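Remarks on the structure that follows.
This is a predicted model, so every value here is computed, not measured.
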Amino acid sequence: MVEQRKIPRPTAELVIGYLNKWHRLEKYTLQEESLNLLFRELCPRNDHIQHVLLKVSALNDFYSTNIFDTHSVAKHIIDIGVPDRLITGDISVVDELAEMKIGGKARKFYSFASKYCNHHNPEAFPIYDNYVDKMLRYFRRLDNFAEFRRNDLKNYVRFVEIVKLFRSSYGLDQYSLREIDIYLWLAGKEEFSQWNVEKRKVTDTLVDGACD
């Protein structure tokens, strides 16, 4: 039987350790600085297709989001009208941005949409990705910090609520949503990406539960 690995419970000291580690990772910090320059200084507008297309293309490259038709995604962002909603932190825009049609087929680029909004307003829009998803579900199973099912994490308004509950439940309110975002992603990447297939099977049982 494969031994289940236990992930350390979040503490203020643990979070600050991961934040310090993040700042020492040149690949990610330079990528972040480059995207911040593009999104907030060079191409801040979301009503010009040229600005949006450059940002979609950069995100797609840096995050490997597998968007093969960046032009259609850029036009979708223009069409739904996001400028003021990003500034005011209207989190309902993420689900709307994620749902689109490409080549006549319905697609959902949920993680990409959260990243696009995050790089305009990181304090309002935490990023959803696979590692964050696994971390939140792991600690739900371990400590029941919030009641939710996996599909709830794919509703962005609910996802933000769950991240905030995670932060408050573990006494981490001194950290911004962006800092919690970094901790969840980096810790999740370390904890989940290095496990072999058999360990993942055991952990997924703990993370998912029998019917979630």
(message) For the residue pair S92 / D90, report whether a side-chain donor-acceptor contact shorter than 3.5 Å exists.
(response)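 There is such a pair (donor and acceptor under 3.5 Å, judged by atom type) between the side chains of D90 and S92.
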
(request) Consider only side-chain N and O atoms of K101 and H76, and report whether a donor and an acceptor are under 3.5 Å apart. (result)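 On atom types as modelled, these side chains do not qualify, holding no pair under 3.5 Å.
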
(request) Please check if atom CD in Q174 has more than 12 non-hydrogen atoms from other residues, nucleotides or ligands closer than 6.0 Å. (result)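 Atom CD in Q174 is crowded, with more than 12 foreign heavy atoms closer than 6.0 Å.
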
Do [X] and [Y] come close enough that some side-chain heavy atom pair is under 4.5 Å?
X    : Y    : answer
Q50  : L54  : no
D143 : S169 : no
L25  : L186 : yes
L142 : R9   : yes
F112 : I67  : yes
V82  : I80  : yes
H51  : N46  : no
P126 : I180 : no

(message) Under 6.0 Å from the ring centre and within 45 degrees of the ring axis: does the NZ or CZ of K115 meet both conditions for the six-membered ring of Y63?
(response)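 Output yes; distance and angle both within limits.
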
(message) Here's one to test your reading of the geometry: is the NZ or CZ of R140 within 45 degrees of the ring axis of F148 and under 6.0 Å from its centre?
(response)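 Yes - R140 lies over the ring of F148, closer than 6.0 Å to its centre and within 45° of its axis.
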
Calculate, to the nearest 0.5 Å, the distance between atoms [atom1] and [atom2] belonging to [X] and [Y] respectively.
X    : Y    : atom1 : atom2 : value
H120 : N36  : NE2   : CG    : 10.5 Å
L184 : K189 : CG    : NZ    : 15.0 Å
D47  : I77  : CG    : CD1   : 12.5 Å
L136 : R150 : CG    : CZ    : 11.5 Å
L35  : C43  : CG    : SG    : 11.5 Å

Are [X] and [Y] connected, step by step, through hydrophobic side chains (Ile, Leu, Val, Met, Phe, Trp, Tyr) whose heavy atoms are closer than 4.5 Å?
X   : Y    : value
L14 : Y138 : yes
I78 : L53  : no
F62 : L59  : yes

(request) For a ring-ring contact (aromatic ring centres under 6.0 Å, His included) with W185, tell me which candidate from F192, Y28, Y18 qualifies. (result)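 For W185, the ring-ring contact (aromatic ring centres under 6.0 Å, His included) check succeeds only for Y28.
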
(request) Take T65 and N60 through the test side chain to side chain donor-acceptor pair (under 3.5 Å) and record every step on the way to the result. (result) CA-CA 5 Å; T65 53; N60 188 46; 2.7 Å; yes

(request) Test H119 against every option in R40, E32, K55 by the side-chain contact (heavy atoms from CB on, under 4.5 Å) rule and name the one that passes. (result)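 Filter result, single survivor: E32.
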
(request) Apply side chain to side chain contact (heavy atoms under 4.5 Å, CB included) to the pair L30 and E33, showing each step before the final yes or no. (result) CA-CA 5 Å; L30 284 176; E33 290 168 5; 3.7 Å; yes

(request) Measure the acute angle between the ring planes of F139 and F166, then classify it against the limits of 30° and 60° as parallel, tilted or perpendicular. (result)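 The rings of F139 and F166 sit tilted, inter-plane angle from 30° to 60°.
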
For the pair [X] (side chain) and [Y] (backbone), establish whether a donor and an acceptor sit closer than 3.5 Å, ignoring hydrogens and angles.
X    : Y    : answer
D152 : R149 : yes
N118 : S114 : no
E191 : G188 : no
N121 : L86  : yes
Y156 : A98  : no
Y128 : K154 : no
S72  : D69  : no

(request) Apply the test side chain to side chain contact (heavy atoms under 4.5 Å, CB included) to residues L177 and F125: give CA-CA distance (whole Å), side-chain angles for both, the deciding distance (0.1 Å), then the verdict. (result) CA-CA 8 Å; L177 284 182; F125 298 96; over 6 Å; no

For [X] against [Y], the heavy-atom pair lying closest together:
X    : Y    : answer
I49  : A74  : CD1-CB, 3.6 Å
A124 : I91  : O-CG2, 3.5 Å
K108 : D95  : NZ-OD1, 4.4 Å
F145 : I162 : CE1-O, 3.7 Å
L97  : M100 : O-CE, 3.0 Å

(request) Step by step, work out the salt bridge (Lys or Arg N to Asp or Glu O under 4.0 Å) result for K164 and E161. (result) CA-CA 5 Å; K164 289 179 177 179; E161 291 174 354; over 6 Å; no

(request) Using the side chain to side chain contact (heavy atoms under 4.5 Å, CB included) rule, take I16 and Y175 through it: C-alpha gap first, then chi angles, then the decisive distance, then the call. (result) CA-CA 9 Å; I16 197 65; Y175 297 106; 3.7 Å; yes

(message) If you apply the rule side chain to side chain contact (heavy atoms under 4.5 Å, CB included), what do you find for R178 with I127, and how did you get there?
(response) CA-CA 8 Å; R178 177 56 183 151; I127 291 174; 4.1 Å; yes

(message) Show, in sequence, the C-alpha distance, side-chain angles and deciding distance for E99 and R107, and conclude whether the salt bridge (Lys or Arg N to Asp or Glu O under 4.0 Å) test is met.
(response) CA-CA 6 Å; E99 301 277 358; R107 301 293 301 272; over 6 Å; no

(message) Measuring centre to centre across the rings, with the benzene-like ring taken for any Trp, is Y116 within less than 6.0 Å of F39?
(response)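 Ring-ring flag for Y116/F39: true, centres closer than 6.0 Å.
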
(message) Quick test of your reading of the model: are E179 and R167 salt-bridged, counting only N-O distances below 4.0 Å?
(response)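 Looking at E179 and R167, the cut-off is not met.
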
